[in-house]
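This report refers to the structure that appears directly beneath it.
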2 protein chains.
Amino acid sequence: MTTPRPGLRERKKQATRAALREAALRLAVERGPDQVRVEDIAEAAGVSPRTYNNYFVSREQAIVSAVTADREARIAAALAARPSGVRLADAVTEAVVEQYTNTGEREHKALLLITTTTALRKAFLDTTAGIEPPLTAVIAERLDDPGAHTARVLAASVAAAVRIALEDWLRPSGNPEAVRNLDAVGLVVPSGSLPDRLRAALSPLAPAFDAAERRTQP
Amino acid sequence: MTTPRPGLRERKKQATRAALREAALRLAVERGPDQVRVEDIAEAAGVSPRTYNNYFVSREQAIVSAVTADREARIAAALAARPSGVRLADAVTEAVVEQYTNTGEREHKALLLITTTTALRKAFLDTTAGIEPPLTAVIAERLDDPGAHTARVLAASVAAAVRIALEDWLRPSGNPEAVRNLDAVGLVVPSGSLPDRLRAALSPLAPAFDAAERRTQP
DNA sequence: CAGGAAAGATGCGCGCACGCAAGTTTGCGT
DNA sequence: ACGCAAACTTGCGTGCGCGCATCTTTCCTG
């Protein structure tokens with residue numbers, strides 16, 4: 001339903017976007033993030049620099065998007081997939097945790113990179129805002145909230161909480177030595193457990209979800 | 001306590017900052033926002049363009065800051081001033097509403113400008129994030145939450161809710177005619193009442209505040 | 001009050017984001 | 001199969017954000 005017809009045009013676009021973000025990530029990992037010019041990324045993707053800017057508004061966004069990809073959509077989908085019987089707060093929490101937990105090999109190197117560079121960390125944290133719209137839609141449906149006023153606030157709060165959790169998680173970024181050590185062992189987790197931090201950050205919002213849920217299904 | 005000694009250096013800095021934002025706003029109102037180059041602002045403030053960039057990272061931020069000024073601090077102060085007897089959720093709501101309500105004559109023209117320009121609207125909405133740190137501090141104190149983990153989440157949620165309220169408030173920005181009409185009458189309020197919108201956006205968070213408050217003062 | 005340290009202002013240079021006005025490709029109706 | 005309209009790509013030009021090195025101002029301490 002969401003894919004009536006891919007269309008050749010659309011496929012090419014997605015291919016270009018993918019090529020750009022992969023190139024951006026690869027180059028950033030190979031040389032340092034500061035040693036990658038837009039021109040390089042565009043060339044590696046077989047595209048003009050101007051076109052690159054039609055897809056990404058900043059170099060950081062391109063690199064980060066290779067890790068973030070379509071996390072927003074996957075979170076929304078994960079939430080929609082949960083049985084409607086469970087408490088909404090729990091469903092949201094688990095959906096979020098789930099999507100931030102599956103960490104592959106490639107993401108490790110990338111996360112490493114992001115941890116060390118300020119600009120990249122900022123860009124990475126900014127991606128949390130992207131989960132807002134899809135989350136709003138799903139929550140609004142569960143709450144039977146056509147105007148989606150409270151759904152929007154709740155979704156935005158979730159995004160903010162996730163942001164805070166991630167902030168804390170990759171805080172000790174000013175310590176290159178520790179990072180290097182972790183790199184040697186193949187670990188990324190800078191400090192503590194991400195799932196735990198996510199749950200902790202989201203838990204204060206649970207009462208708000210409960211109240212909203214109670215309001216529609218007494 | 002917060003002002004042990006102004007110091008000449010600090011005063012000059014604030015003066016420069018003020019000169020820059022006033023110049024930015026004035027020029028933006030006189031000609032269009034797009035007809036103001038950084039060079040103009042710097043010159044009007046009697047400062048080099050490079051120095052301007054030491055104070056503001058973007059032209060939009062400079063213009064908007066003339067309206068936002070130190071709203072963050074004032075919100076925090078307003079909250080801290082409330083008697084500790086009242087419900088935290090109410091105290092926060094009223095503090096926020098109060099600080100977004102006092103709208104002078106100059107802000108009207110500025111708001112007008114912001115409403116019409118996409119980039120300015122974006123910058124304006126981004127300022128809501130600035131209330132997060134001071135709000136966190138005050139909330140953490142009320143909750144007696146040293147680590148401020150829940151306080152941070154709540155403060156961030158408030159910021160997000162305020163953002164949404166403002167978004168809705170100045171939504172019909174694509175309608176220059178209506179704006180012009182309002183201008184003629186001296187009204188800015190694009191649609192509905194801002195205080196109402198703020199209260200509506202914040203209300204879903206009340207249960208979260210109640211629960212947090214209950215946890216510390218049973 | 002002298003003199004050094006710390007903070008700030010400024011000039012320079014580099015990439016970058018993006019509007020604009022072509023040129024090129026894809027989609028669709030007939 | 002043709003051809004037009006819409007979508008996308010690209011080159012060009014402009015102003016901007018900011019790192020870096022240098023010079024000036026403010027501050028502090030003996």
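Letters A, B, ... mirror the listed sequences (proteins, then strands); counts begin at 1.
Between the CZ atom of B:R59 and the P atom of C:dA17 there is a distance of 16 Å, given to the nearest Å. A:Y55 has its OH atom 16 Å from the C1' atom of C:dC18, to the nearest Å. As a whole-Å value, the separation of A:E60 CD from C:dA17 P is 7 Å. B:F56 has its CZ atom 16 Å from the C1' atom of C:dG8, to the nearest Å. Regarding B:I41, its CD1 atom lies at a distance of 12 Å from the C1' atom of D:dG15, rounded to whole Å. In this structure, CG of B:D34 is placed 10 Å from P of C:dG19, rounded to the nearest angstrom. Computed from coordinates, the B:N54 CG to D:dT24 C1' distance equals 14 Å when rounded to whole Å. In this structure, B:D40 places its CG atom 16 Å from P of D:dT14, rounding to the nearest Å.
Residues that satisfy the side-chain hydrogen bond (donor to acceptor under 3.5 Å, both in side chains) test with A:T51, not counting sequence neighbours, are A:S48.
No hydrogens or angles were tested; on distance alone, nothing pairs the side chain of B:R50 with the base of C:dG8 as donor and acceptor under 3.5 Å.
Comparing atom distances between the A:K12 side chain and each of C:dT10, C:dT26, C:dA6 picks out C:dT26 as nearest. The side chain of A:R9 lies closest to D:dC8 when the candidates are D:dC8, C:dT10, C:dA17. Looking at the side chain of A:R37, the nearest of the listed nucleotides C:dG27, C:dA7, C:dG15 is C:dG15.
In this model, no donor atom of one side chain and acceptor atom of the other lie less than 3.5 Å apart for B:Q99 and B:R71.
Separating the CG atom in B:L112 from the OG1 atom in B:T117 is a distance of 10.0 Å, to the nearest 0.5 Å.
In terms of phosphate contacts, A:T51 brings a side-chain nitrogen or oxygen within less than 4.0 Å of OP1 or OP2 of D:dT10. Taking 4.0 angstrom as the limit, A:N53 places a side-chain polar atom (N or O) nearer than this to OP1 or OP2 of C:dA17. OP1 or OP2 of C:dA7 has not a single side-chain nitrogen or oxygen of B:K13 nearer than 4.0 Å.
Positionally, the nearest nucleotide of DNA chain D for A:Y52 lies more toward the 5' end than for the other of B:E39 and A:Y52.
Other residues, nucleotides and ligands contribute only 12 or fewer heavy atoms inside 6.0 Å of the CD atom of B:E39.
Side chains of A:L205 and A:L154 form no contact here, defined as non-hydrogen atoms less than 4.5 Å apart.
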